[in-house]
Amino acid sequence: MMESYVKGSTKIKFCGLRTTKDVEHANELRPDYIGFVFAKKSRRAVTERQAELLKSYLEPGIIKVGVFVREDPERIASLLHNGTIDYAQLHGGEDAEYIRNLRKLTEAPIIQAFRVDTGEDLAAAERSEADYILLDSGSGGTGTLFDWELLEGFSRPYFLAGGLDPGNVREAVRKLHPFAVDVSSGIETAGRKDPLKMANFTDQVRNLNEERE
């Protein structure tokens, strides 16, 4: 089931959690979502067993998202059915037929990621049959921004990713009003989740949300 969206209240997703310390920091800050990466080529990848363990430490109410790249739909559905994850995030350019096939196996929400280079990329995102869309730069996890000016006139609620960090997320939320902001490398130091950056990022978003209420 899709969540309601109130413009002006931006949600937070910490992606690429890999250790129990990462989960403990998330529990303290209570983001709306956390992400476990199952794409094998990612340096943030976790195994099913690791994700199951990390999930056991996570506070109830934080939505668990599994990030996949052209994964077998049966495997995704299995992780959703056993409660390891709550949402599936597709990051491999999967097509509409793939999404329809996945929907035959699960009713869980689906997030589809799009690399944004041109207005045509946004048009494709508008047409997506996924429950949510995520707009990113590069292939994901690159830590670089895309041209936010391309989003002028874009009407569909979205997760904003790509190069966000504590220093620019306030501007992103103020200017773009995304449904959610998704961060991974922007809250890391030397490749590890940094509790101070995680807290600063959270404060920047929530303080602006409170100013808008």
Side-chain angles (χ1 to χ4, degrees), residues 1-3 11-92 94 98 102-103 105-113 130-132 134 136 139-143 159 161-162 164-166 180-203 205-206:
M1 178 181 296
M2 291 183 64
E3 299 169 85
K11 299 176 184 292
I12 298 170
K13 176 169 173 274
F14 292 157
C15 201
L17 272 59
R18 290 178 290 165
T19 69
T20 55
K21 283 292 185 183
D22 293 346
V23 174
E24 289 172 6
H25 298 322
N27 286 339
E28 293 171 3
L29 297 169
R30 303 288 300 188
D32 302 280
Y33 310 86
I34 61 90
F36 296 138
V37 178
F38 293 96
K40 295 180 179 64
K41 292 183 179 180
S42 171
R43 65 179 178 83
R44 302 182 183 92
V46 295
T47 64
E48 294 181 23
R49 185 173 180 180
Q50 287 172 321
E52 182 67 24
L53 175 64
L54 294 174
K55 179 207 75 169
S56 71
Y57 288 96
L58 190 68
E59 288 289 334
I62 301 175
I63 296 171
K64 307 176 296 294
V65 180
V67 180
F68 303 93
V69 174
R70 295 182 291 279
E71 183 58 74
D72 180 353
E74 296 280 354
R75 184 191 182 207
I76 297 176
S78 176
L79 290 165
L80 288 163
H81 291 156
N82 68 23
T84 301
I85 57 174
D86 304 306
Y87 288 23
Q89 180 175 316
L90 309 179
H91 240 289
E94 293 84 355
Y98 181 99
L102 181 57
R103 286 200 193 282
L105 302 174
T106 177
E107 296 180 354
I110 298 170
I111 304 170
Q112 185 173 19
D131 300 284
Y132 300 92
L134 181 146
D136 203 348
S139 58
T142 61
F159 285 72
L164 296 177
D165 59 37
V181 284
D182 186 314
V183 63
S184 188
S185 61
I187 50 171
E188 293 179 349
T189 298
R192 299 284 183 179
K193 291 292 185 282
D194 183 324
L196 294 178
K197 289 182 179 179
M198 294 169 79
N200 192 2
F201 187 94
T202 303
D203 287 345
V205 177
R206 290 186 174 152

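The chain is numbered in sequence order, starting from 1. Scope of the values below: all heavy atoms of this structure, side chains included, with no hydrogens, waters or symmetry mates. Not measured: the values here are computed from a predicted model.
In terms of the side chain to side chain donor-acceptor pair (under 3.5 Å) criterion, residue partners of Arg103 (sequence neighbours excluded) are, by chain and number, Asp131. Here Glu24 pairs with Lys21 under the salt bridge (charged side-chain N to carboxylate O under 4.0 Å, His left out) rule; sequence neighbours left out. Thr20 meets the side chain to side chain donor-acceptor pair (under 3.5 Å) test with no other residue; sequence neighbours excluded. Remark: Arg70 engages Glu94 in a side-chain contact (heavy atoms from CB on, under 4.5 Å) (not counting sequence neighbours). Here Glu188 pairs with Arg43, Arg44, Lys193 under the salt bridge (charged side-chain N to carboxylate O under 4.0 Å, His left out) rule; sequence neighbours left out. In terms of the side chain to side chain donor-acceptor pair (under 3.5 Å) criterion, Thr106 has no residue partners (sequence neighbours excluded). The side-chain contact (heavy atoms from CB on, under 4.5 Å) test applied to Lys41 returns no partner, not counting sequence neighbours. Among residues two or more places apart in sequence or in another chain, the side chain to side chain donor-acceptor pair (under 3.5 Å) test is passed with Asp165 by none. Residues that satisfy the salt bridge (charged side-chain N to carboxylate O under 4.0 Å, His left out) test with Lys64, not counting sequence neighbours, are Asp86. For Pro166, the side-chain contact (heavy atoms from CB on, under 4.5 Å) criterion is met by Lys197, Asn200, Phe201, not counting sequence neighbours.
Applying the 6.0 Å contact sphere to CZ of Arg192 captures no more than 12 heavy atoms from other residues, nucleotides or ligands.
Between Ala108 and Leu80 the shortest heavy-atom distance is CB-CD2, 3.7 Å. The shortest heavy-atom contact between Val69 and Ala39 is CG2-CB, 3.7 Å. Taking both residues in full, the closest heavy atoms of Pro73 and Tyr98 are given as CG-CE1, 3.8 Å, listed atom of the first, atom of the second, then distance. Pairing each heavy atom of Leu17 with each of Ala26, the nearest pair is CD2-CB, 4.0 Å.
Considering SG of Cys15 and NE2 of His91, their distance stands at 7.0 Å, rounded to 0.5 Å. From Gln50, atom CD reaches atom OG1 of Thr84 across 12.5 Å, with rounding to the nearest 0.5 Å. The CG atom of Asp203 sits 8.0 Å away from the CG atom of Leu29 when rounded to the nearest 0.5 Å. Note that the CD1 atom of Ile63 and the CD1 atom of Ile34 stand 10.0 Å from one another [nearest 0.5 Å]. Put simply, CG on Leu102 and CD1 on Ile110 are 4.0 Å apart, with the number rounded to the nearest 0.5 Å. Within the model, atoms CG of Leu79 and CD of Glu48 stand 4.5 Å from one another, a figure rounded to the nearest 0.5 Å.
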Show me the side-chain donor-acceptor pairs of residues 53-60 shorter than 3.5 Å, one per line, residues at least two apart or across chains.
residue, atom, partner, partner atom, Å
Lys55, NZ, Glu52, OE2, 3.1
Ser56, OG, Leu53, O, 2.5

- request: Under the side-chain contact (heavy atoms from CB on, under 4.5 Å) rule, what do Val181 and Phe159 come out as? Steps first, then yes or no, please.
  value: CA-CA 5 Å; Val181 284; Phe159 285 72; over 6 Å; no

- request: Please test Asp182 against Asp136 for side-chain contact (heavy atoms from CB on, under 4.5 Å), starting from the C-alpha separation and ending with a verdict.
  value: CA-CA 9 Å; Asp182 186 314; Asp136 203 348; over 6 Å; no

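For residues 64-86, every residue pair satisfying the ring-ring contact (aromatic ring centres under 6.0 Å, His included) rule, not counting sequence neighbours, is listed here: Phe38-Phe68.
Side-chain N or O atoms of Thr202 include one that pairs as donor or acceptor with a backbone N or O of Met198 at under 3.5 Å.
With a 4.5 Å cut-off on side-chain heavy atoms, Lys13 and Asp32 do not count as touching.
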